[in-house]
Protein chains: 2
Amino acid sequence: MSESVPESVDRGRAPNIRDVARLAGVSHQTVSRVLNNHPSIRESTKQRVLEVMTELQYRPNRAARALVTSHSRTIGVLASQRSQYGPSSIIQSIELAAQDAGYLVSTANITATDEDSIVTALDHLNAQAIEGLVIIAPQVRVVRAISNLDLRVPFVTMSTTDGTEDHAVAVDQVAGARLATRHLIELGHRDIYHLAGPQDWIEAEARMHGFLQEMNAQDVPTTAPILGDWSADFGYYAGRELMRVRDFTAIFSSNDQMALGLIHAIRDAGQDVPHDVSIVGFDDIPEAAHFWPPLTTVRQDFPELGRRCVAQLLGTMGKAPSGYAGPIQPELIVRRSTAAPSF
Amino acid sequence: MSESVPESVDRGRAPNIRDVARLAGVSHQTVSRVLNNHPSIRESTKQRVLEVMTELQYRPNRAARALVTSHSRTIGVLASQRSQYGPSSIIQSIELAAQDAGYLVSTANITATDEDSIVTALDHLNAQAIEGLVIIAPQVRVVRAISNLDLRVPFVTMSTTDGTEDHAVAVDQVAGARLATRHLIELGHRDIYHLAGPQDWIEAEARMHGFLQEMNAQDVPTTAPILGDWSADFGYYAGRELMRVRDFTAIFSSNDQMALGLIHAIRDAGQDVPHDVSIVGFDDIPEAAHFWPPLTTVRQDFPELGRRCVAQLLGTMGKAPSGYAGPIQPELIVRRSTAAPSF
DNA sequence: CTCCTGAATGTGCACGGTCACATCCGAGCG
DNA sequence: CGCTCGGATGTGACCGTGCACATTCAGGAG
């Protein structure tokens with residue numbers, strides 16, 4: 001094994017603080033101090049070190065730093081259904097807010113709903129020595145798995161119904177659902193269906209609760225909600241089934257995509273929205289305003305949600321004051337998919 | 001404000017290989033060999049070590065491993081517009097494929113289009129010692145900035161028009177656009193507009209080229225494409241302007257969202273799709289089948305694209321055979337938003 | 001002039017793994 | 001019975017950085 005390799009000049013490994021130190025004529029510790037903005041470094045020394053750094057194209061080795069400090073300056077995001085509008089919007093705003101706070105974001109996807117998949121994803125994040133965790137895969141079983149796993153990092157979820165309020169950041173889904181339901185009732189509807197999301201999802205459950213609460217509060221009898229899967233395809237399928245019965249004048253859909261499918265099915269059956277059936281969605285995706293008819297829906301402020309997640313997490317981590325500001329209030333956006341029933 | 005955290009008992013540091021070694025009665029190196037599946041380890045020893053590992057809940061420290069091997073087993077993804085359907089679908093499938101190959105994925109967002117923002121994002125990824133990079137923010141200026149930056153890691157982009165074929169993985173956007181255009185021409189349309197994406201986007205440019213190529217090939221005179229921003233809002237706005245003129249019978253939109261906005265505007269003007277105007281989109285987002293009318297569009301196989309990105313990247317990294325299979329062929333999905341023109 | 005003080009800088013070690021090399025031990029063979 | 005050989009395991013160094021502590025140095029007080 002020849003090891004007498006003539007070390008080519010700029011070849012070999014990347015420069016480290018000792019290389020910088022040598023060229024700047026200081027100790028490696030001084031370089032480290034410059035890196036970390038230590039107060040007692042002479043300005044001239046600092047400048048010299050910085051010059052050498054740019055000259056050598058020096059980049060601090062994050063692995064080494066993480067090793068010694070056990071601080072990775074990384075927060076993890078545990079997500080599922082990332083291609084959906086809500087989750088991906090939230091991730092985006094989390095990244096933005098995290099960057100502002102000097103943190104990196106690593107995401108891990110839950111591919112399946114089994115616990116193994118969750119553990120795998122968490123392992124991936126743990127392996128990165130994340131300092132905090134945001135869970136935006138608000139399925140009941142995910143939250144449960146996480147409680148069992150006793151992860152060692154502070155985390156924030158979006159469960160709104162849980163008792164652990166200090167872990168939760170949320171849009172007030174119940175209030176949003178009540179807003180939507182009240183709107184329909186005030187228009188004069190009495191026979192209202194609810195197309196819910198998957199039962200396992202905390203948000204879906206909360207919206208369903210809001211729906212039932214408002215119906216009860218207004219003394220309107222209800223039927224059992226239909227459990228969907230968030231997709232437009234399912235909305236269409238459910239709509240076709242429902243149109244065989246036609247014992248309703250309005251449907252509150254748990255998200256906008258299913259609402260779109262519903263409208264499609266209703267029109268296929270020769271009926272009109274909103275004349276025959278009123279439809280309300282949830283989320284206010286950017287396309288909702290251009291559905292036909294434009295969709296009445298409940299707007300969630302996703303960017304604000306992402307910001308609060310990070311703020312809350314930093315608070316829990318002790319890095320920032322944890323100004324808990326209560327749940328975010330959603331907003332009803334009335335468009336043309338709702339009208340008074342035509343008896 | 002509260003900080004006096006009482007250090008819980010077992011809170012000490014996480015167990016390391018030496019802890020495991022001590023309890024198993026072996027050396028730390030033996031533990032390391034177990035971790036790395038070294039062949040010459042007696043089965044009984046291996047079992048004993050593994051038992052201790054689970055007992056201590058041992059997790060290898062990735063930072064330490066990365067430090068010594070300078071392998072992070074992480075690939076970076078540089079993305080923009082992550083909340084859009086295409087990018088987020090691709091990211092999701094990249095993560096899946098990367099996980100299968102034993103890699104982690106770190107994403108960085110380009111928040112603005114300026115070069116600074118790109119450099120910041122790249123710095124974030126570089127800091128993670130990524131071994132490869134996937135660029136799914138296919139804006140011209142991003143690719144240019146990256147060429148200038150001379151990053152030290154292998155990378156894969158989605159530029160289809162570039163000469164650097166070994167870096168590129170792509171759906172054949174030109175072919176897809178020609179498919180859509182040909183469909184309209186074969187239906188009998190002659191006055192066809194193209195609503196393009198932002199000029200800076202490589203995909204937008206490729207689709208525009210495909211449109212123009214096909215129009216020329218079929219000897220149909222063309223007008224200048226309209227440059228949009230991918231959003232349904234813009235599609236609506238553009239549609240309203242276009243409806244003042246009405247010198248066309250069909251529009252090929254560069255994505256489905258803008259197509260939705262177009263349909264909305266056309267209907268607002270009292271015209272019908274497809275009777276008065278035929279519309280073709282691009283992407284086949286899951287909602288497209290439920291638009292009114294259901295949208296004729298060009299389907300891109302995003303999951304396959306993500307898989308190929310990772311395969312290609314691993315090939316470039318020398319970790320796997322780089323089976324370059326040529327661009328992915330998109331598929332025309334004919335629905336009810338297109339029909340023969342009614343003269 | 002000496003001593004003290006605090007700013008500026010240097011020295012050695014620790015972090016948790018992997019690598020190169022050394023060592024141990026039992027089997028096979030002349 | 002001694003020697004070789006290779007499988008199984010141990011030993012020490014090292015990766016790049018930050019921390020605790022040591023050291024130097026200049027300036028002001030006594």
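No experiment lies behind these values; they were computed from the predicted model shown. So that the names make sense, note that chain A is the first sequence line, chain B the second, and so on, each numbered from 1.
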**Student:** Checking Ser32(A) now: which residues fulfil side chain to side chain contact (heavy atoms under 4.5 Å, CB included) with it, not counting sequence neighbours?
**Tutor:**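 With neighbours one apart ignored, the set is Gln29(A), Asn36(A).
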**Student:** So how far off straight is the helix from dC1(C)-dG30(D) to dG30(C)-dC1(D), going by the axes through five pairs at either end, to 10°?
**Tutor:**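 Taking the rotation axis at each end, their angle is 60°.
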**Student:** Return the set of residues passing side chain to side chain donor-acceptor pair (under 3.5 Å) with Arg307(B) (not counting sequence neighbours), or none when no residue passes.
**Tutor:**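 Only Glu304(B) meet the side chain to side chain donor-acceptor pair (under 3.5 Å) criterion with Arg307(B).
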**Student:** Please report the distance, rounded to the nearest Å, between CZ in Arg62(B) and C1' in dC15(D).
**Tutor:**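 Going from CZ in Arg62(B) over to C1' in dC15(D) covers 18 Å.
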**Student:** Tell me every residue that passes side chain to side chain contact (heavy atoms under 4.5 Å, CB included) with Gln47(A), counting only those two or more places apart in sequence or in another chain.
**Tutor:**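 For Gln47(A) the side chain to side chain contact (heavy atoms under 4.5 Å, CB included) partners, ignoring immediate neighbours, are Glu43(A), Leu50(A).
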**Student:** Quick one: Arg22(B) CZ to dT11(D) P, roughly how many Å, whole number?
**Tutor:**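 Value for this atom pair: 13 Å.
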**Student:** Please lay out, stage by stage, how Leu313(A) and Tyr103(A) fare under the test side chain to side chain contact (heavy atoms under 4.5 Å, CB included).
**Tutor:** CA-CA 12 Å; Leu313(A) 186 59; Tyr103(A) 278 80; over 6 Å; no
**Student:** List the residues meeting side chain to side chain donor-acceptor pair (under 3.5 Å) with Ser40(B), not counting sequence neighbours, and say none if there are none.
**Tutor:**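 Side chain to side chain donor-acceptor pair (under 3.5 Å) list for Ser40(B), sorted by chain: His38(B).
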**Student:** With sequence neighbours excluded, give me every salt bridge (Lys or Arg N to Asp or Glu O under 4.0 Å) pair touching residues 16-39 of chain B.
**Tutor:**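 Residue pairs passing salt bridge (Lys or Arg N to Asp or Glu O under 4.0 Å), neighbours aside: Arg13(B)-Asp19(B), Asp19(B)-Arg22(B).
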**Student:** Does a side-chain heavy-atom distance below 4.5 Å link Asn16(A) with Asn61(A)?
**Tutor:**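 No, their side chains stay 4.5 Å or more apart.
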**Student:** Which residues within residues 41-53 of chain A lie with some heavy atom under 4.0 Å of an atom in DNA chain D?
**Tutor:**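 Those residues whose heavy atoms fall under 4.0 Å from DNA chain D, taken from residues 41-53 of chain A, amount to none.
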**Student:** What is the distance, rounded to the nearest whole Å, between atom CD of Gln29(B) and atom P of dC21(C)?
**Tutor:**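 One finds 14 Å between P of dC21(C) and CD of Gln29(B), rounded.
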**Student:** Ser70(A): what forms a side chain to side chain donor-acceptor pair (under 3.5 Å) with it, not counting sequence neighbours?
**Tutor:**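 So Ser70(A) forms no side chain to side chain donor-acceptor pair (under 3.5 Å) with any residue.
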**Student:** Among all residues two or more places apart in sequence or in another chain, which pass the side chain to side chain contact (heavy atoms under 4.5 Å, CB included) test with Val26(A)?
**Tutor:**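 So Val26(A) forms a side chain to side chain contact (heavy atoms under 4.5 Å, CB included) with Ala21(A), Ala24(A), Thr30(A), Val31(A), Thr45(A), Arg48(A), Val49(A).
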**Student:** List the steps, then state whether side chain to side chain contact (heavy atoms under 4.5 Å, CB included) holds for Val77(A) with Glu95(A).
**Tutor:** CA-CA 9 Å; Val77(A) 175; Glu95(A) 279 191 344; over 6 Å; no
**Student:** Does any residue of residues 32-40 of chain B have a heavy atom under 4.0 Å from DNA chain D, and if so, which ones, in number order?
**Tutor:**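 Nucleic-acid contacts, sorted: Arg33(B), Ser40(B).
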**Student:** Is there a donor-acceptor pair closer than 3.5 Å between any side-chain N or O of Glu131(B) and the backbone N or O of Arg73(B)?
**Tutor:**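 Pair found, side chain donor or acceptor close to backbone of Arg73(B).
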**Student:** Just the table, please: protein N/O against nucleotides 13-16 of chain C N/O, every pair under 3.5 Å.
**Tutor:**
{"from": "dG16(C)", "atom 1": "OP2", "to": "Asn16(B)", "atom 2": "ND2", "distance (Å)": "3.3"}

**Student:** Run Ile94(A) and Ile136(A) through side chain to side chain contact (heavy atoms under 4.5 Å, CB included) and show every step you take.
**Tutor:** CA-CA 10 Å; Ile94(A) 285 176; Ile136(A) 59 177; 4.3 Å; yes
**Student:** Once you round it to whole Å, what is the distance between P of dG16(D) and CG of Asp19(A)?
**Tutor:**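 Checked: the CG to P distance equals 8 Å.
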**Student:** Under the rule for side chain to side chain contact (heavy atoms under 4.5 Å, CB included), what residues qualify as partners of Leu96(B), not counting sequence neighbours?
**Tutor:**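 With neighbours one apart ignored, the set is Thr111(A).
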